2 protein chains.
Amino acid sequence: MTSSDKTLADRTYRQLRGDIVNGRLAAGSKLKLEGLAQDYAVGMSPLREALARLMGDLLVVSEGQRGFWVAPLSLDELDDVSRVRALIETEALNAAIRNGDAQWEREVTAAFEALAAVEEHLPHTSDALPPEQLEVWEARNRAFHAALVSAAGSPMLIKLRALLYQQSERYRRVSLNVSRGWRNVHDEHRAIYDATMQRNALRACRMTELHLSRTAEEVRKAMAALSRDDDAPGDKA
Amino acid sequence: MTSSDKTLADRTYRQLRGDIVNGRLAAGSKLKLEGLAQDYAVGMSPLREALARLMGDLLVVSEGQRGFWVAPLSLDELDDVSRVRALIETEALNAAIRNGDAQWEREVTAAFEALAAVEEHLPHTSDALPPEQLEVWEARNRAFHAALVSAAGSPMLIKLRALLYQQSERYRRVSLNVSRGWRNVHDEHRAIYDATMQRNALRACRMTELHLSRTAEEVRKAMAALSRDDDAPGDKA
DNA sequence: TCCGACAAAAATATCGAAATAAGATTGACA
DNA sequence: TGTCAATCTTATTTCGATATTTTTGTCGGA
């Protein structure tokens, strides 16, 4: 699609990843190989290769001779991911603030302003957001957070951060489907941005932790609500 | 081999991973698919599936339509991996010391004593170690470090730690091939073990950092020596 | 002679489809 | 009601076809 789709397996990997992260493929659902091969119009070989790579991203799990599933979501894992993400993200941001040069500042500013342009007229009370606008926000949010840490000078930190961001995104998408409006997430982004530009690493990391924990809290509530909804209408045997 | 080899791709994944980590497949070398398929006695599909999974472990890199390579090693990456590993490992150890119960203590003790049994009569000056004994030490070292953090209560931390340990192991194996003997690594392990058993998290983490940075330093020297050797005898065009 | 562009050939990576084998399901029988 | 076997579904793998890259060889110009 966008970048390096030299091979069919590559393209399928990206498509599948997107469909899992944004929830089009439900968490925990069985991935029927034949069906997927048809949907994505590929043969078994590229499909299996894509699935194997997604296992490394912790988006797919497999069991011996029984097939593949979309990795399940759970409240416990949400807490786990959120905590580790905070650790990695603050470490990376700290390093970036230490190492970042003028070019980095420009990139962060550009990413922030692009994000701000979307966030400033977000519905505060509405319960639904046009999917297209949601995709734009997701992309710019991802870009902003990526830009912040891009000067960390540590490929490994950046790689792990990307992995954890993706995990978080899956959870966040769940809550966006049931959320009763947007909290003033823009203020939080601005606080992180300002502290970063002032090279106030301590404050920037604190604001980041706050931002992450608030997001996690929101997801937690949404998931709890969802599981209540799941239990109530369903009957026991 | 050992655990879940339900499928050919699984077995091949493990074999390849082992051969890369212990250096039987040289860093940076091209992985010729046909050759590998013969060596491991599998077809293309399971082989490619294994390689795709190894990409997720950062042990293999691939390029578009041009094939696979063993991920290269570099001094920069050694520093990067070492730093991030220290971050993750101390975080996990800290949590484990907070959460670990009596069962955990027993497991750590057992792992430590098994390791000690090998380390106590390690050659202090010898320059070569029988490969078989080296494998035993590697296994017990891995088990000891894994046991320490096993009670961290965070699957994600443990997963990332395992990834980084594996990266470090690759580098360590390089240095073991050229090392002029063993430093008193056993004292370092004992210091970590003692502090852990005393539930002295601060000291345990400090000792861990020291242990990791000393190991990294040793590897750094070995790699520098190797690259000198590589340059000197070789001729320019 | 030396180099560079170009074209053919070889090597190799990628992919799809059919064969195989393992697991799940159904139904008969005890 | 539980067990076993036959059947069906589905994952896994092999194999062969296709597409791409790399190498080799040839020619023409400096």
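Bear in mind the structure is a predicted one, so any value in this text is a computation, not a measurement. Proteins come first, then strands; the chains are lettered A, B, ... in the order of their sequence lines, and each starts at number 1.
- The distance from atom CG of B:D10 to atom P of D:dA11 is 16 Å, rounded to the nearest whole Å.
- For the side chain to side chain contact (heavy atoms under 4.5 Å, CB included) test, residues two or more places apart in sequence or in another chain that qualify with A:D10 are A:D5, A:T7, A:R14, A:R53.
- Mapped onto DNA chain C by nearest heavy atom, A:A9 and A:R66 fall at different nucleotides, with A:A9 at the one closer to the 5' end.
- Each salt bridge (Lys or Arg N to Asp or Glu O under 4.0 Å) pair with one or both residues in residues 146-161 of chain B, not counting sequence neighbours, appears once here: B:E89-B:R161.
- Scanning for side chain to side chain contact (heavy atoms under 4.5 Å, CB included) contacts around A:A27 gives A:L73, A:R170, with sequence neighbours left out.
- Not counting sequence neighbours, the partners of A:A216 by the side chain to side chain contact (heavy atoms under 4.5 Å, CB included) test are A:S82, A:R220.
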What does the list of N/O pairs under 3.5 Å between the protein and nucleotides 14-17 of chain D look like, with a distance for each?
unit_1, atom_1, unit_2, atom_2, d
D:dT14, OP2, B:G43, N, 2.8
D:dT14, O4, B:S45, OG, 3.4

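- For residues 129-154 of chain B, the ring-ring contact (aromatic ring centres under 6.0 Å, His included) pairs, not counting sequence neighbours, are B:F112-B:F144, B:W137-B:W182, B:F144-B:H189, B:H145-B:H189, B:H145-B:H211.
- In this structure, A:A37 reaches neither bases nor backbone, as no heavy-atom distance under 4.0 Å exists between it and the strands shown.
- Rounded to whole Å, the distance from NZ on B:K32 to P on C:dA11 is 11 Å.
- Summarising the geometry, the separation between CD on A:Q38 and P on D:dT10 is reported as 12 Å, rounded to the nearest angstrom.
- Checked against side chain to side chain contact (heavy atoms under 4.5 Å, CB included), A:E91 has the following partners two or more places apart in sequence or in another chain: A:L157, B:L87.
- To the nearest angstrom, P of C:dC15 lies 12 Å from CG of B:L33.
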Less than 3.5 Å apart, which donor and acceptor atoms pair up between the side chains of residues 64-71 of chain A and the rest of the protein, not counting sequence neighbours?
unit_1, atom_1, unit_2, atom_2, d
A:Q65, NE2, B:K6, O, 3.4
A:R66, NH1, A:E63, OE1, 3.4
A:R66, NH1, A:E63, OE2, 2.9

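- Shown for residues 47-64 of chain A: no residue has heavy atoms falling under 4.0 angstrom of DNA chain C.
- As rounded to whole Å, 18 Å separates atom P of C:dC15 from atom CD of B:E34.
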Check the interface with nucleotides 20-22 of chain C: list each N/O to N/O pair with the protein under 3.5 Å, or write none.
none

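- Between A:L47 and A:L51 there is a side-chain heavy-atom pair separated by less than 4.5 Å.
- For residues 103-112 of chain B, the set of pairs meeting the salt bridge (Lys or Arg N to Asp or Glu O under 4.0 Å) definition, not counting sequence neighbours, comprises B:E105-B:R199.
- For the pair B:T7 and D:dA11, the criterion of a side-chain N or O lying under 4.0 Å from OP1 or OP2 is not met.
- Applying the side-chain hydrogen bond (donor to acceptor under 3.5 Å, both in side chains) definition to pairs two or more places apart or across chains, those involving residues 25-45 of chain A are A:D19-A:Y40.
- Rounded to a whole Å, the CG atom of A:L31 is 13 Å from the C1' atom of D:dA11.
- Put simply, B:K30 has no side-chain N or O that comes within less than 4.0 Å of OP1 or OP2 on D:dT22.
- Checking side-chain atoms of A:W104 against main-chain N and O of A:V149 turns up no donor-acceptor pair under 3.5 Å.
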